[in-house]
Amino acid sequence: MKYLRIYLVLFLAFLSITLKAHESLNTISGFVSPESVVQDAKGDIYVSEIGEFNKDGDGKITRISVDGKLSTFASGMDDPKGLTFIGKSLFVTDKNRILKVEPNGRWTVFGSTMTFPQTPVFLNDITSDEEGNLYVSDSGNLKSGGAIYKITQNKKITIVLNENTPEILAPNGLWVIKNDLYEVDFSSGILYKINLKNKSILKVAEGLGGADGLIKSEDNFFVSDWKNGKIYKVHGSKVSLYKDGFTAAADIVLSYDKKSIITPDMKAGSVTLVPLH
């Protein structure tokens with residue numbers, strides 16, 4: 001009887017911890033194919049909703065206010081995906097073009113197919129460096145044919161690397177640190193470091209499934225695996241599972257306070273804040 005009481009106490013303690021851990025995963029549902037997220041300094045979260053794939057005009061950016069309310073921030077897009085802020089302007093990849101969205105939600109085309117050095121196929125993630133240059137991944141047919149572009153603020157577009165480089169298959173998530181561009185490949189599941197000056201490529205880690213989003217927090221990278229609904233932690237070259245249970249973990253972002261991984265689940269139609277610890 002004594003051991004039974006001890007067992008029950010331990011079980012209830014474990015159950016309490018489990019419930020608290022579950023409650024800490026703040027999830028908001030009701031999105032249609034959410035692909036990417038970003039957070040501003042005020043705490044508002046912006047979510048790109050593709051809507052129906054390849055249906056032009058039904059894509060939008062939804063804003064989640066700090067009190068959890070949802071509102072349409074910008075609409076009339078095609079298949080919006082990657083998001084990044086430069087100042088107060090939000091830049092969005094939308095099929096074969098880049099959009100610039102002003103604080104009032106009005107958007108214009110920042111880069112179009114006619115200005116790219118080669119015709120984009122599947123513009124996906126987008127990030128920026130300290131000088132305001134944009135870096136955009138083109139995932140090709142999701143198996144091969146991809147490319148990575150650099151876009152300056154005066155709209156000059158150049159190719160960083162494309163399919164002529166064997167490692168470039170279907171580049172997806174991007175992260176810039178000074179002169180190095182980190183890239184995860186959706187097709188190979190490999191994380192690469194690209195030197196932007198000499199274009200040399202170093203394999204950092206592999207085994208990342210259908211690698212989608214990429215962020216860095218302190219000494220660790222975190223990569224979302226769209227195909228398997230997981231988030232991996234990469235420390236050095238070591239890969240470990242950080243969080244699973246998603247159906248299609250898409251383009252993750254580090255929260256503004258750097259305490260959470262904001263994770264859109266494309267197939268579940270939800271956005272979850274996964275605590276960093």
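Taking N124 as the reference, S139, N172 meet the side chain to side chain donor-acceptor pair (under 3.5 Å) condition, with sequence neighbours excluded. Qualifying ring pair (Phe, Tyr, Trp, His ring centres under 6.0 Å) partners for F122, counting only residues two or more places apart in sequence or in other chains: none. Listed by chain and number, the residues in a ring pair (Phe, Tyr, Trp, His ring centres under 6.0 Å) with Y149 are F116 (sequence neighbours excluded).
Residues L174 and Y232 fall into different hydrophobic clusters, defined by Ile, Leu, Val, Met, Phe, Trp and Tyr side chains chained together at heavy-atom separations under 4.5 Å. Linking Ile, Leu, Val, Met, Phe, Trp and Tyr whenever their side-chain heavy atoms come within less than 4.5 Å puts V223 and W175 in one cluster. A continuous path of hydrophobic side-chain contacts links V239 to F221 [ILVMFWY only; heavy atoms under 4.5 Å]. At a threshold of 4.5 Å between side-chain heavy atoms, the hydrophobic network of Ile, Leu, Val, Met, Phe, Trp and Tyr places L208 and I252 in one connected group. Linking ILVMFWY side-chain heavy atoms closer than 4.5 Å, directly or via other members, places V204 and I177 in a single hydrophobic cluster.
Among residue pairs with one or both ends in residues 49-60, those qualifying as side-chain hydrogen bond (donor to acceptor under 3.5 Å, both in side chains) are E49-T62, D56-K95; sequence neighbours excluded. Each ring-ring contact (aromatic ring centres under 6.0 Å, His included) pair with one or both residues in residues 81-101, not counting sequence neighbours, appears once here: Y46-F85, F91-F110.
Cation-pi geometry between K243 and F246 is met: under 6.0 angstrom from the ring centre, within 45 degrees of the axis. No cation-pi contact links K233 to F222, judged by a cut-off of 6.0 Å to the six-membered ring centre and 45° from its axis. A cation-pi arrangement is found for K227 relative to F186, the charged atom lying closer than 6.0 Å to the ring centre and inside a 45° cone about the ring normal.
By the 4.5 Å heavy-atom criterion applied to side chains, Y192 and E167 are counted as neighbours. With a 4.5 Å cut-off on side-chain heavy atoms, F73 and L90 count as touching. Residues I45 and Q39 have side chains in contact (heavy-atom distance under 4.5 Å, counting atoms from C-beta outward). Looking only at side-chain heavy atoms (C-beta outward), V176 and Y135 come within less than 4.5 Å of each other. Using a 4.5 Å heavy-atom cutoff, the side chains of N195 and K193 are not in contact.
Side chain of K267 to backbone of G269: no donor-acceptor contact under 3.5 angstrom is found. For the pair K81 (side chain) and D79 (backbone), a donor-acceptor distance under 3.5 Å is present. Of the possible donor and acceptor atoms, one in the side chain of S187 sits under 3.5 Å from a partner among the backbone N and O of K143. In this structure, S224 contributes its side chain and A250 its backbone to a donor-acceptor pair below 3.5 Å. Judged purely by atom type and a 3.5 angstrom limit, W226 has no side-chain atom pairing as donor or acceptor with the backbone of G209. In this structure, D225 contributes its side chain and A211 its backbone to no donor-acceptor pair below 3.5 Å.
Here the NZ atom belonging to K155 is positioned 10.5 Å from the OG1 atom belonging to T152, to the nearest 0.5 angstrom. Between the CD1 atom of I159 and the CG atom of N164 there is a distance of 8.0 Å, given to the nearest 0.5 Å. The distance from atom CG of L134 to atom CD1 of I86, rounded to the nearest 0.5 Å, is 4.0 Å. Atom CD of E206 is separated from atom CG of L191 by 10.5 Å, given to the nearest 0.5 angstrom. Rounded to the nearest 0.5 angstrom, E183 CD and I194 CD1 are separated by 5.0 Å. Rounding to the nearest 0.5 Å places CD1 of I157 at 3.5 Å from OG1 of T115.
Remark: the T27 side chain and the T272 side chain contain an N/O donor-acceptor pair separated by less than 3.5 Å.
Closest of all the heavy-atom pairs between V121 and N141 is CG1-N, 4.5 Å. Here the closest non-hydrogen pair linking D44 and S65 is OD1-CA, 3.3 Å. Here the closest heavy-atom approach between residue P171 and residue G146 is recorded as CD-CA, 3.8 Å.
Atom CG of D219 is surrounded by 12 or fewer heavy atoms from other residues, nucleotides or ligands within 6.0 Å.
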Donor-acceptor list for residues 253-266 side chains, cut-off 3.5 Å, not counting sequence neighbours:
residue	atom	partner	partner atom	Å
S255	OG	D257	OD1	2.6
S255	OG	K258	N	3.4
S255	OG	K259	N	3.2
S255	OG	S260	N	3.0
S255	OG	S260	O	3.3
D257	OD1	K259	N	3.0
T263	OG1	I261	O	3.3
D265	OD1	T247	OG1	2.5
D265	OD1	A248	N	3.0
D265	OD1	A268	N	3.3
D265	OD2	T247	N	2.9
D265	OD2	T247	OG1	3.3

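Each of T93, D212, T84, D251 was checked for a side chain to side chain donor-acceptor pair (under 3.5 Å) with S36, and the lone residue meeting it is D251.
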Evaluate the criterion side chain to side chain contact (heavy atoms under 4.5 Å, CB included) for residue pair N96 and T119; output intermediate values, then yes/no. CA-CA 8 Å; N96 58 0; T119 304; 6.0 Å; no
